[in-house]
Amino acid sequence: MKLSVLPAHHATLIVSSERDSVSSSLWAELSSLSPANRFFNQTVLDIETARNIISWANTPYNEDRVGLISFHTSGVPAQNAMLKILEEPREGVRFILVTSNRESLLPTFLSRLQEVKGELTDGSQQLTVNTNVELFLETKPTSRMKLPFVTELLSRVDEEDRK
């Protein structure tokens with residue numbers, strides 16, 4: 001997998017049943033680009049690892065850098081701890097999260113990430129960016145609120161009939 005095919009977003013989530021292979025491929029490229037890049041490879045993303053990621057991200061450095069975070073599941077405390085750093089990372093810091101288990105992620109955690117799907121097919125890796133995200137980003141800002149999926153979302157009401 002090549003970094004060049006990933007969206008230029010500060011926090012990208014790759015969902016893949018081939019988590020280890022996708023992560024290894026990305027790390028092979030990232031590790032050759034800069035010694036500042038870091039690979040956090042966990043089966044379970046726990047609070048201690050989340051704190052290490054936050055500390056790494058907040059450490060001043062003169063170059064751009066990428067934190068590659070690979071995990072199968074993540075604890076709720078770890079996700080809550082990482083919300084702020086994923087939403088507002090330090091200048092020059094990007095995150096690439098790779099998981100095989102999207103269902104373990106909180107909606108608030110997912111809301112801070114641009115999601116892509118990455119799978120191995122015939123020895124090559126393919127990414128599929130969420131089409132609504134692509135459409136939203138390609139649409140002029142003045143027209144975005146008129147997109148069908150945005151208007152549908154804005155028309156929803158909760159259980160107490162509030163918008």
> Rounded to the nearest 0.5 Å, what separation is found between the CD1 atom of Ile85 and the CD1 atom of Ile53?
Replying inline: 10.0 Å
> Has the side chain of Ser32 got a donor or acceptor atom that lies under 3.5 Å from a matching backbone atom of Glu29?
Replying inline: yes
>> I'd like to check Leu106 versus Val76 (side-chain heavy atoms, cut-off strictly below 4.5 Å). Are they in contact?
In response: yes
> In Å and rounded to the nearest 0.5 Å, what is the CD1 to CD distance from Ile96 to Gln114?
Replying inline: 11.5 Å
> If you group Ile, Leu, Val, Met, Phe, Trp and Tyr by side-chain heavy-atom gaps below 4.5 Å, do Ile54 and Leu13 land in one group?
Replying inline: yes
> Which value, rounded to the nearest 0.5 Å, describes the distance between His10 atom NE2 and Arg90 atom CZ?
Replying inline: 15.5 Å
> Could you go step by step and tell me if Val98 and Leu68 meet the side-chain contact (heavy atoms from CB on, under 4.5 Å) rule?
Replying inline: CA-CA 8 Å; Val98 183; Leu68 176 60; 3.9 Å; yes
> For the residue pair Arg65 and Ala57, what are the closest heavy atoms and their distance?
Replying inline: NH2-O, 3.2 Å
> What closest approach, in Å, do Leu113 and Phe109 show between heavy atoms, and which atom pair accounts for it?
Replying inline: CG-O, 3.6 Å
>> When you compare the side chains of Ser70 and Arg19, does any donor N or O come within less than 3.5 Å of an acceptor on the partner?
In response: yes
> Could you give the distance from CD (Glu18) to OG (Ser24), rounded to the nearest 0.5 Å?
Replying inline: 11.0 Å
> Can Phe95 and Leu86 be said to form a side-chain contact (heavy atoms from CB on, under 4.5 Å), step by step?
Replying inline: CA-CA 8 Å; Phe95 296 99; Leu86 289 176; 3.7 Å; yes
>> Is there a side-chain contact (heavy atoms from CB on, under 4.5 Å) between Asp64 and Val93? Walk through the geometry before answering.
In response: CA-CA 6 Å; Asp64 289 352; Val93 175; over 6 Å; no
>> Ring of Trp56, cation from Arg51 - is the NZ or CZ under 6.0 Å from the centre and inside 45° of the axis?
In response: no
> What is the minimum heavy-atom distance between Thr99 and Asn101, and which atoms define it?
Replying inline: OG1-N, 3.1 Å
>> Please list all pairs meeting side chain to side chain donor-acceptor pair (under 3.5 Å) that have one or both residues in residues 72-82, counting only residues at least two apart or in different chains.
In response: His72-Ser100
> Going from CG on Leu30 to CZ on Arg38, what distance comes out if it is rounded to the nearest 0.5 angstrom?
Replying inline: 13.0 Å
> What's the spacing between Ser104 OG and Leu45 CG if we round to 0.5 Å?
Replying inline: 9.0 Å
>> Between Asn37 and Ser34, do the side chains contain a donor N or O and an acceptor N or O under 3.5 Å apart?
In response: no
>> With side-chain contact (heavy atoms from CB on, under 4.5 Å) as the criterion, how do Phe71 and Leu97 come out once you've worked through the C-alpha distance, each side chain's angles and the decisive distance to 0.1 Å?
In response: CA-CA 8 Å; Phe71 59 94; Leu97 291 82; 3.9 Å; yes
> Considering all heavy atoms of both residues, which atom of Glu115 and which atom of Val15 are nearest to each other, and what is their separation?
Replying inline: OE2-CG2, 3.6 Å
>> Using the side-chain hydrogen bond (donor to acceptor under 3.5 Å, both in side chains) criterion, which residues pair with Arg112? Sequence neighbours excluded.
In response: Glu87
> Closest approach of Ile69 and Met82, non-hydrogen atoms and distance?
Replying inline: CD1-CE, 3.8 Å
> If you take all heavy atoms of Thr108 and Ser111, which pair is closest and at what distance?
Replying inline: O-OG, 2.7 Å
> Can you list the residues that meet the ring-ring contact (aromatic ring centres under 6.0 Å, His included) rule with Phe39, with sequence neighbours excluded?
Replying inline: Trp27
